[in-house]
Engineer: 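Mind looking over this structure? Questions follow.
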There are 2 protein chains.
Amino acid sequence: MSITIKDVARRLNLSITTVSRAIDGYDDVSEETRHLVIQTAHEMGYVPNQAARQLRRKRSDTIGYILPADQPRFSDPFFAEFIAGLGDEASMHGFDLLVSTAPPGSSAEHQAYERWTHGRKVDGVVLNRIQLNDWRVQYLARAQFPFVTLERSLDSCDYPSVEVNGRLWFKKLLDHLVSLGHQRIAYIGASPNLKIQADRLAGYRDGLAQHNLAYDASLVLEGDLTSEGGYRAGEHLLNLPKPPTAIACVDDMTAMGVLHIARQRGRTVGKELAVTGFDGIAGFEHTQPPLTTINQPVYQMARCLVQMLADQIARKPLPEKYVQIEPVLEIRQSTVGE
Amino acid sequence: MSITIKDVARRLNLSITTVSRAIDGYDDVSEETRHLVIQTAHEMGYVPNQAARQLRRKRSDTIGYILPADQPRFSDPFFAEFIAGLGDEASMHGFDLLVSTAPPGSSAEHQAYERWTHGRKVDGVVLNRIQLNDWRVQYLARAQFPFVTLERSLDSCDYPSVEVNGRLWFKKLLDHLVSLGHQRIAYIGASPNLKIQADRLAGYRDGLAQHNLAYDASLVLEGDLTSEGGYRAGEHLLNLPKPPTAIACVDDMTAMGVLHIARQRGRTVGKELAVTGFDGIAGFEHTQPPLTTINQPVYQMARCLVQMLADQIARKPLPEKYVQIEPVLEIRQSTVGE
DNA sequence: ATTCTATCCCAAAACGTTTTGGGGGTCAAG
DNA sequence: CTTGACCCCCAAAACGTTTTGGGATAGAAT
């Protein structure tokens, strides 16, 4: 078995109270004793039992995040970067990061949140892939459980969040495409109850309207934020009697799939057929051809979220509850090539 | 505060023992009572406190994994897929997944393992990016703590692992390159104490030897498994008075960086300058140009690891401790293009 | 009438911490 | 000599479970 605080206390002929308080840095234990305790504890390889500590302290020093993995080969690099950001900032605040995978909306997801919050397995959670009306937001807000979100839902709850103005920046992509002369611009989106879909589609429509282009429902398709989804939707668009000259995708992964089908069909992507993404995943500047996209600082956003969550858990007042992040329009060959 | 087992017991005029045992499915409680208990517990929204349960049961139902994030913008999609695999299989066995980020070899990494194992925060851990002699393997083996690894170290410990024969398959890449007529083949590797580096470099040398090509130390560089590292090494190689006609990279991310610099230098990658990777990350078939690589089933490998870890934790005998995975040579335009 | 078995239940201990509420010394001031 | 103020320290309670080791009742067998 492991070394416990009792073993340390016995070795030093001290009470466990004193050992505990020495290590925790209370000032009602002499410097001499404290030094001795810490020294001995270290020598004996004592590490506090986390479960006991959690039980007593009523906190777990852990934050939770559920990866929206809805398919087996889930390799969206967005999440590698996002998790790295969460993890780094978490450990900076002395938190561990608990990750679960569950298809969005599944009962597995429900159960995980219930176990985590009611069972006090985590002190707070990070949400993303927010829906317009999101049960998680409502559930956590009602339970008064600390949480933060990437993108805001429309629920009228008060909670900290980080957001990119998807509507505004998607419109900038449209401006860019129109400035290149495109008139038939398609849109491949995501599930309509997703916040990013609503925002980005709105940006798409704003863009059309501003340049007096008609909204053509046959050019607006639903993907699923994967390259497969983009592939299928792209295929459909290229099969149209009068296909679009530009395809604006809701995210980079979707755009990835479009590039794939375009190449298979022998369509060189660039000026003639333009494709755009949204996310700016590091490493995706090497796609075929390099992808014009909106570049979000995913790592920073993740860290910012954890920062706010940590403050909330510590009941510190937040300097600002609603952080707006400025991305960058990255123009590459997929719209201006060849 | 949350609902505890006491509240449920009081409501039903039962002892907490009976409530506990009813829920846990012991047969010394009548069916009638069990039904009532489960019903009531559910109604009251009772969820067992995880800390208390862990403390008493002496296990956490959690497995740990430390993401080797050594740089801020860490977006290697390999790990998104790997984590998804770990998470899926873990929840299948009733485990949560605890993820931390720490630069390999850092003191933060040491501390995390110590806290997790001695503090019993996790029941087992998954390791990857294994080194030839890996302190983690030795540490965990000595502590008799359950763990599994992706790739084996040379330490003479007995532990379950999953591995791809990197030496054999890297040689196949060399065979492929030579068959295309390449004579000057460079290699961009990783830190020399990494197992994958040792294996893949050995495969590179095997390939050279088999085809009677001399080993030229000036064509063998060290990267860091990132696209930046690949970029720098590639730059160096292209600056040589007599640059190589093919560059074999230790992994896909490195190859990514090479593609980048090659394009910047106006070198069309394909027949004239060939580039290969290793990993077969889903989505990387869309690079510029599509990358010839060794495709590993990362998701499956992760699940297999967790499967073995779960068996080990449950002290079940493992059907096989050492699983060898067969990847696929994926030939694409980066070697046979244009 | 006693013993035995089966069935259902429970009180108390245990897990390893942290926190509460003091308790003895020593020393200086009254 | 008492009082108060410090300074160190500690016993015991508490956190919410699971596990241990029975205990009570009822019916069947002796």
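Just so we're on the same page: letters track the sequence lines, and every chain starts at 1.
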Engineer: Among the nucleotides dC9(D), dG16(D), dT19(C), which one has an atom lying closest to any side-chain atom of Tyr26(A)?
Structural biologist: dT19(C)
Engineer: Indicate, yes or no, whether a donor-acceptor pair under 3.5 Å links the base of dT17(D) to the side chain of Arg53(B).
Structural biologist: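 No, no donor-acceptor pair under 3.5 Å.
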Engineer: Starting from P on dT20(C), measure out to CZ on Arg57(A) and report it in whole angstrom.
Structural biologist: 13 Å
Engineer: It should be established whether Thr33(A) places a side-chain nitrogen or oxygen under 4.0 Å from OP1 or OP2 of nucleotide dC9(D).
Structural biologist: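 Looking at the OP1 and OP2 atoms of dC9(D), one of them is under 4.0 Å from a side-chain N or O of Thr33(A).
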Engineer: Looking only at the side chain of Ala52(A) (C-beta and beyond, no hydrogens), which of the listed nucleotides dT19(D), dT17(C), dT17(D) gets closest?
Structural biologist: dT17(C)
Engineer: In residues 11-24 of chain A, which ones come under 4.0 Å of DNA chain D, going by heavy atoms?
Structural biologist: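 Per residue number, the list reads Asn13(A), Leu14(A), Ser15(A), Thr17(A), Thr18(A).
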Engineer: Find the distance Gln54(A):CD to dT17(D):C1' and express it as a whole number of Å.
Structural biologist: 14 Å
Engineer: Does the side chain of Thr101(B) pick up a donor-acceptor pair with the side chain of Asp88(A) at under 3.5 Å?
Structural biologist: yes
Engineer: Quick one: Asn49(A) CG to dC15(D) C1', roughly how many Å, whole number?
Structural biologist: 13 Å
Engineer: Just how far, in rounded Å, is C1' of dC10(C) from CZ of Arg10(B)?
Structural biologist: 16 Å
Engineer: With side chain to side chain contact (heavy atoms under 4.5 Å, CB included) as the test, pick out the partner of Leu132(A) among Asp155(A), Leu154(A), Leu194(A).
Structural biologist: Leu154(A)
Engineer: By nearest atom, which of the nucleotides dC8(C), dT17(D), dG16(D) is closest to the Ser30(B) side chain?
Structural biologist: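 Nearest to the side chain of Ser30(B) among the choices is dC8(C).
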Engineer: Can you find a heavy atom in the side chain of Asp61(B) that is under 4.5 Å from one in the side chain of Arg59(B)?
Structural biologist: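 Touching, per the 4.5 Å side-chain cut-off.
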Engineer: We want to know whether His35(B) and Glu31(B) form a side-chain donor-acceptor pair, criterion being a heavy-atom distance below 3.5 angstrom.
Structural biologist: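 Result is no, nothing qualifies.
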Engineer: Side chain of Ile5(B) only, heavy atoms from C-beta on: which candidate in dC9(D), dT17(D), dC15(C) is closest?
Structural biologist: dT17(D)
Engineer: Answer yes or no for Arg34(A) and Tyr26(A): cation-pi contact, defined as NZ/CZ to six-membered ring centre under 6.0 Å and angle to ring axis within 45°.
Structural biologist: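 No, Arg34(A) and Tyr26(A) do not form such a contact.
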Engineer: Mind calculating the distance between CD1 (Ile3(A)) and P (dT17(C)) to the nearest angstrom?
Structural biologist: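 Atom-to-atom, Ile3(A) to dT17(C), this comes out as 10 Å.
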Engineer: Could you check how far CD of Glu32(B) sits from C1' of dC8(C), rounded to whole Å?
Structural biologist: 11 Å
Engineer: Expressed as a whole number of angstroms, how long is the span from Leu55(B):CG to dT19(D):C1'?
Structural biologist: 13 Å
Engineer: Regarding dC9(C), can its base be found pairing with the side chain of Asp28(B) as donor and acceptor, where the two atoms are less than 3.5 Å apart?
Structural biologist: yes
Engineer: How do Val29(A) and Ala51(B) order along DNA chain D: which one's closest nucleotide is nearer the 5' end?
Structural biologist: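 Looking at the nearest nucleotide for each, Val29(A) comes out on the 5' side.
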Engineer: Determine whether Asp70(B) and Leu225(B) make a side-chain contact, defined as any pair of heavy atoms from C-beta on separated by less than 4.5 Å.
Structural biologist: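 Contact flag for Asp70(B)/Leu225(B) side chains = no.
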Engineer: Strictly below 4.0 Å, N to O, side chains only: are Asp24(B) and Arg57(B) in salt-bridge contact?
Structural biologist: yes
Engineer: Would you kindly check whether a donor in the side chain of Arg56(A) faces an acceptor in the base of dT17(C), or vice versa, at under 3.5 angstrom?
Structural biologist: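 Between dT17(C) and Arg56(A), which were checked side chain against base, a qualifying N/O pair under 3.5 Å is absent.
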Engineer: Rounded off to whole Å, could you give me the CZ-to-C1' distance for the Arg120(B) and dG16(C) pair?
Structural biologist: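 So the two atoms are 13 Å apart, to the nearest Å.
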Engineer: Would Tyr113(A) and Phe145(A) count as a close aromatic pair, with their ring centres under 6.0 Å?
Structural biologist: no
Engineer: Looking only at side-chain N and O atoms, does Lys6(B) come under 4.0 Å of OP1 or OP2 in dT17(D)?
Structural biologist: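 No, Lys6(B) has no side-chain N/O under 4.0 Å of OP1/OP2 on dT17(D).
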